[in-house]
Amino acid sequence: MVYIGIGSNLGDRRDYLRRAISEIGARVGSVVAVSPVYETAAWGSSATEPLPYLNAAIAVEVRLTPEQVLRTLLDIEQDLGRTRSHPNAPRTIDLDLLFYGSELLATDELTLPHPRLHLRRFVLRPMIDIAPHLLHPVLGADIATLYVELDDALSVNLYEA
């Protein structure tokens with residue numbers, strides 16, 4: 001099972017999330033779980049962001065290698081209008097490969113599990129909804145425990161629109 005974090009803070013954010021999930025289902029594998037959507041301020045960015053982020057997490061049964069999943073996610077981002085002007089820039093869509101099963105990988109292109117997921121409330125909160133007992137293979141703690149132990153004051157609120 002692969003877990004992917006998705007986010008958007010430009011344009012019709014909810015539509016970008018829907019479109020990304022649809023594209024992932026068509027190009028990466030079967031989407032078997034989708035978390036509720038959460039709204040949060042931009043992490044690591046300035047206060048001049050156009051909109052707060054909408055974030056969610058999905059679980060996907062894959063038919064691709066980790067590298068193929070990453071390349072496909074990058075292609076989907078580009079197809080949905082993402083540009084990379086600077087780190088943490090506002091974006092139509094952000095797709096992060098969080099876990100590929102319990103696989104450990106560290107290459108120039110990809111690190112698994114995602115190296116900063118345990119530091120980000122906006123990633124862990126939606127993951128609790130779809131995989132609270134998923135064990136982080138490096139840290140030895142499950143998602144729910146990582147969330148409780150997180151020292152991050154960023155507010156993550158259920159999005160209802």
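Being a predicted model, the structure only gives us computed values, none of them experimental.
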Notebook entry, point to check: So, for Glu103 and Pro66, which heavy atoms are closest and what is the spacing to 0.1 Å?
Noted result: OE2-CG, 3.7 Å
Next item on the list: Please examine the side chains of Tyr38 and Asp129, heavy atoms only from C-beta on, and report whether any two atoms are closer than 4.5 Å.
Entry: yes
Margin query: Any non-hydrogen side-chain atom of Leu73 less than 4.5 Å from a side-chain atom of Ile24?
Written below: yes
Next item on the list: Mind checking the OG1-CZ spacing from Thr40 to Arg125? Nearest 0.5 Å is all I need.
Entry: 12.5 Å
Item checked: Leu124 side chain near Leu117 side chain, heavy-atom distance below 4.5 Å -> yes
Next item on the list: Spell out, yes or no, whether Leu10 and Leu80 are grouped together once hydrophobic residues are joined by side-chain heavy atoms under 4.5 Å, including indirect joins.
Entry: no
Item checked: Interatomic distance, Gln78 atom CD to Thr92 atom OG1 [nearest 0.5 angstrom] -> 10.5 Å
Item checked: Pairwise distance CG(Asp142) to NE2(His133) - rounded to 0.5 angstrom -> 6.5 Å
Check: Can you find a heavy atom in the side chain of Val2 that is under 4.5 Å from one in the side chain of Phe99?
Finding: no
Notebook entry, point to check: Does a side-chain heavy-atom distance below 4.5 Å link Glu67 with Leu70?
Noted result: no
Check: What pair of heavy atoms forms the shortest contact from Ala20 to Ile76, and how long is it?
Finding: CA-CG2, 4.5 Å
Notebook entry, point to check: Under the criterion side chain to side chain contact (heavy atoms under 4.5 Å, CB included), which of Ile21, Leu17, Leu95 is the partner of Ile58?
Noted result: Ile21
Checklist line | Polar side-chain atom of Thr107 near backbone of Glu109 as donor-acceptor pair, under 3.5 Å | finding: yes
Checklist line | Donor-acceptor contact below 3.5 Å, side chain Ser35 vs main chain Ala57 | finding: yes
Check: Does any non-hydrogen side-chain atom of Arg27 lie less than 4.5 Å from one of Asp75?
Finding: yes
Check: Taking 4.0 angstrom as the limit, do Glu39 and Arg13 come out as a salt bridge?
Finding: yes
Check: Minimum heavy-atom separation for Val34 to Ile130, with atom names?
Finding: C-CG2, 3.8 Å
Item checked: Side chains of Arg18 and Arg14 in contact at under 4.5 Å (non-hydrogen atoms) -> yes
Margin query: Could you measure the distance from the CG atom of Leu150 to the OG1 atom of Thr145? Nearest 0.5 Å is fine.
Written below: 12.0 Å
Notebook entry, point to check: Are the side chains of Asp94 and Glu77 in touch, meaning some heavy atoms are under 4.5 Å apart?
Noted result: yes
Next item on the list: Indicate the atoms forming the closest heavy-atom contact of His136 with Leu146, along with that distance.
Entry: CB-CD1, 4.0 Å
Check: What heavy-atom pair brings Tyr53 and Pro90 nearest, and what distance separates the two atoms?
Finding: OH-CA, 4.1 Å
Notebook entry, point to check: If every non-hydrogen atom of Gly11 is compared with every non-hydrogen atom of Tyr16, which pair is closest and at what distance?
Noted result: CA-CE1, 4.3 Å
Checklist line | Hydrophobic cluster identity match, Val138 and Val148, side-chain contacts under 4.5 Å | finding: no
Margin query: Let me confirm one number: the CG-CG distance from Asp12 to Leu51, rounded to the nearest 0.5 Å.
Written below: 10.0 Å
Next item on the list: Using a strict 4.0 Å threshold on nitrogen-to-oxygen distance, state whether Asp96 and Arg116 make a salt bridge.
Entry: no
Notebook entry, point to check: Which value, rounded to the nearest 0.5 Å, describes the distance between Thr111 atom OG1 and Leu105 atom CG?
Noted result: 7.0 Å
Item checked: Linked, directly or transitively: Leu135 and Leu104 (ILVMFWY side chains, under 4.5 Å) -> no
